[in-house]
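Here the structure is laid out as structure tokens; the discussion comes afterwards.
The structure displayed is predicted, hence computed values, not measured ones.
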Amino acid sequence: MKLVVIGGVAAGLSAASRARRLDPSMEITVLERGQRIAYGACGLPYYLEGQVRSLDQLTLHTPQQFERHRRIHVRTGAEVAAIVHARREAVLAGGERIPYDRLVIATGARPAAAGIALRDRENVFTLHTGTDAERLAAFLRVRRPSSAVVVGAGYIGLETAGALRTHLKQVRILSRGQPLGRGGLAAETVRRLCELNGIGLETGVTVRDTALPGAELIVLCAGLEPNVALAREAGVETGGTGAIRVSDRMETNLGGVYAAGDCAETTHLVSGSPVWLPLGTTANKMGRVAGASAAGARERFPGICGTMIMRFCGVALAVTGLDGEAARQAGFEPVTVRVESLDKAAYFRGHKTTLELTGDRRNGRLLGAVVTGEDSATGGRINTVAAALTARMNVEDLEMLDLAYAPPYAPVWDPLLIAGRQLARAMRGGRD
């Protein structure tokens, strides 16, 4: 049995590794068009900031390690130009044909063009690959700009702007939509942190070439789009999100062909609708299921809540599930409350944490949350909500969760419990 995996980052290598564990006899080849594999792209803004000294620190494994320890053949610089499924072949750009019995497509995502025709200028960059980060770091070191414009206010755009602000006097963010694509607490927190840290933020802006006169440095972070051209040309169907449509076993419409990671859509566990959210945790889990399916196992990937955490200007900001507007669009009747509290006892110098919680008035179901505050405590609370969403808990269940208490770690009434209590009360029309 020959398995070919197209893509050598999170989803692709997870698929190859899982297939190898389940089928020691399978012949597995991974084709990666770039020169790096298994690297943590989420660490690129921290490399730019200087917290990560070398891109090698972001590389988890090498092709040689996969060959030696897992008997997986990884070829870098191997760009697949076509998939000929009728012949079960992946055709490389140089004309070489690689036969397969099973195929996993893990081609990832690419920076969205967003109508900006600026890419050929020497002062315009993206931050999607290690090569992008090296070029941008070299530009900062050699050209020493004093100002920069970041196009896009998603998590990569915000993290990039925060990193650049440590080096430059002036940083501006331009975005068509709200920061992180959300209103409420998430957008307000970003705006407040931008103001406190001297970062300009303009939303509702459609960036054209003429909108950036005299900009010393431009970084395009205007979102991503699934990299599906290769799959479409081979006859693989895409869904309404634009990403590859797959089953919960990562099966495409072509027999023996699977897709995983940032090129594939999945199901949102709260709305029940198809969703495309390119996140590393999702890619790894989808890849694992794709590899299992390719090896003949019956594993499944149920979907996601869209849980994400980032650090912006020294503050943790985390989201999961749906905010009020997204919940309304999904057909719910949302109620949202916001609480501010300390994340531990006051005499242990607790930090302020702010929590926004959303539920459905009609049936009491928990729908989503936003948490901001100190890093570790914020991560713990958003993960708790993500677990509650996965279990389809209602707000009253959340209100009564048995959460740990000790003065150095949490107050006796955790902010999450306070928010749950207030939301339950609001959903009852203010009645206790």
Side-chain angles (χ1 to χ4, degrees), residues 155 158 178-193 196 269-270 305-328 332 334-346 348-361 364-428 430 432:
Y155 63 93
L158 294 175
Q178 293 271 34
L180 298 175
R182 287 177 172 253
L185 177 60
E188 290 174 25
T189 299
V190 171
R191 290 182 183 281
R192 176 176 59 83
L193 292 173
L196 288 174
L269 291 175
V270 180
C305 300
T307 308
M308 183 275 293
I309 186 168
M310 61 171 292
R311 186 176 66 187
F312 180 54
C313 297
V315 174
L317 173 57
V319 303
T320 192
L322 306 178
D323 64 7
E325 181 57 31
R328 190 172 294 106
F332 296 102
V335 179
T336 299
V337 299
R338 185 182 303 182
V339 302
E340 289 186 358
S341 183
L342 295 179
D343 61 5
K344 62 189 71 171
F348 269 95
R349 297 182 181 179
H351 299 86
K352 187 182 81 170
T353 188
T354 307
L355 197 149
E356 190 174 80
L357 207 60
T358 300
D360 186 8
R361 185 187 299 277
R365 183 181 172 189
L366 183 65
L367 299 178
V370 180
V371 185
T372 70
E374 190 267 335
D375 289 9
S376 59
T378 298
R381 289 188 176 91
I382 206 68
N383 286 337
T384 299
V385 178
L389 292 174
T390 302
R392 295 181 63 89
M393 291 172 59
N394 61 37
V395 175
E396 290 184 352
D397 293 330
L398 180 73
E399 181 186 359
M400 290 299 173
L401 280 180
D402 184 18
L403 302 183
Y405 159 66
Y409 304 110
V412 65
W413 280 104
D414 190 275
L416 195 51
L417 301 181
I418 297 172
R421 185 174 67 230
Q422 291 194 11
L423 181 57
R425 184 173 183 271
M427 293 165 67
R428 293 192 295 265
D432 289 324

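- Rounding to the nearest 0.5 Å places CZ of Phe332 at 6.0 Å from CG of Asp360.
- Thr372 places no side-chain N or O within donor-acceptor distance of the main-chain N or O of Ala316, the cut-off being under 3.5 Å.
- Looking only at side-chain heavy atoms (C-beta outward), Leu342 and Pro411 stay at 4.5 Å or farther from each other.
- A distance of 5.5 Å separates CG in Leu357 from CG in Leu366, rounded to the nearest 0.5 Å.
- Every residue two or more places apart in sequence or in another chain that forms a side chain to side chain contact (heavy atoms under 4.5 Å, CB included) with Glu340 is listed here: Lys352, Thr354.
- Note that CG of Leu158 and CZ of Arg311 are 14.0 Å apart. Values are rounded to the nearest 0.5 Å.
- Scanning for side-chain hydrogen bond (donor to acceptor under 3.5 Å, both in side chains) contacts around Arg361 gives Glu333, with sequence neighbours left out.
- In Arg328, the CZ atom is crowded: over 12 heavy atoms of neighbouring residues, nucleotides or ligands sit closer than 6.0 Å.
- Contact detail for Ala410 and Tyr405: the closest heavy-atom pair is O-CD1, 3.1 Å.
- The two residues Leu367 and Ala327 come nearest to each other via the heavy atoms CD1-CB, 3.8 Å.
- Of all heavy-atom pairs between Gln422 and Val337, the closest is O-CG1, 4.0 Å.
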- Task: Please report the C-alpha distance between Val385 and Leu416 in whole Å, then the side-chain angles of each, then the deciding distance to 0.1 Å, and finally whether the side chain to side chain contact (heavy atoms under 4.5 Å, CB included) criterion is met.
- Result: CA-CA 9 Å; Val385 178; Leu416 195 51; 3.6 Å; yes

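- The minimum heavy-atom distance linking Met310 with Phe312 is given by the pair CE-CB, 3.6 Å.
- For Arg182, the side-chain hydrogen bond (donor to acceptor under 3.5 Å, both in side chains) test picks out no residue, with sequence neighbours left out.
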- Item | Candidate pair Glu396 and Arg428, rule side chain to side chain contact (heavy atoms under 4.5 Å, CB included), full reasoning | CA-CA 11 Å; Glu396 290 184 352; Arg428 293 192 295 265; 3.4 Å; yes

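- Closest approach of Leu398 to Leu417, counting heavy atoms only: O-CD2, 3.5 Å.
- Summarising the geometry of Val339 relative to Pro415, their closest heavy-atom pair is CG2-O, 3.8 Å, with the distance given to 0.1 Å.
- Considering only heavy atoms from C-beta on, Leu180 comes within 4.5 Å of Leu317 through its side chain.
- Between Gln178 and Val190 the shortest side-chain heavy-atom distance does not fall below 4.5 Å.
- The pair Arg421-Glu399 does not count as a salt bridge, with every side-chain nitrogen at least 4.0 angstrom from each carboxylate oxygen.
- Looking only at side-chain heavy atoms (C-beta outward), Met393 and Leu401 come within less than 4.5 Å of each other.
- Using a 4.5 Å heavy-atom cutoff, the side chains of Leu269 and Leu389 are not in contact.
- At a threshold of 4.5 Å between non-hydrogen side-chain atoms, the residues Asp323 and Thr336 do not count as touching.
- The pair Glu188-Arg191 does not meet the salt-bridge criterion, since no charged nitrogen lies less than 4.0 angstrom from a carboxylate oxygen.
- Asp397 contributes a side-chain N or O that, together with a main-chain N or O of Asn394, makes up a donor-acceptor pair within less than 3.5 Å.
- Taking 4.5 Å as the limit, every side-chain heavy atom of Leu185 sits out of range of all side-chain heavy atoms of Leu355.
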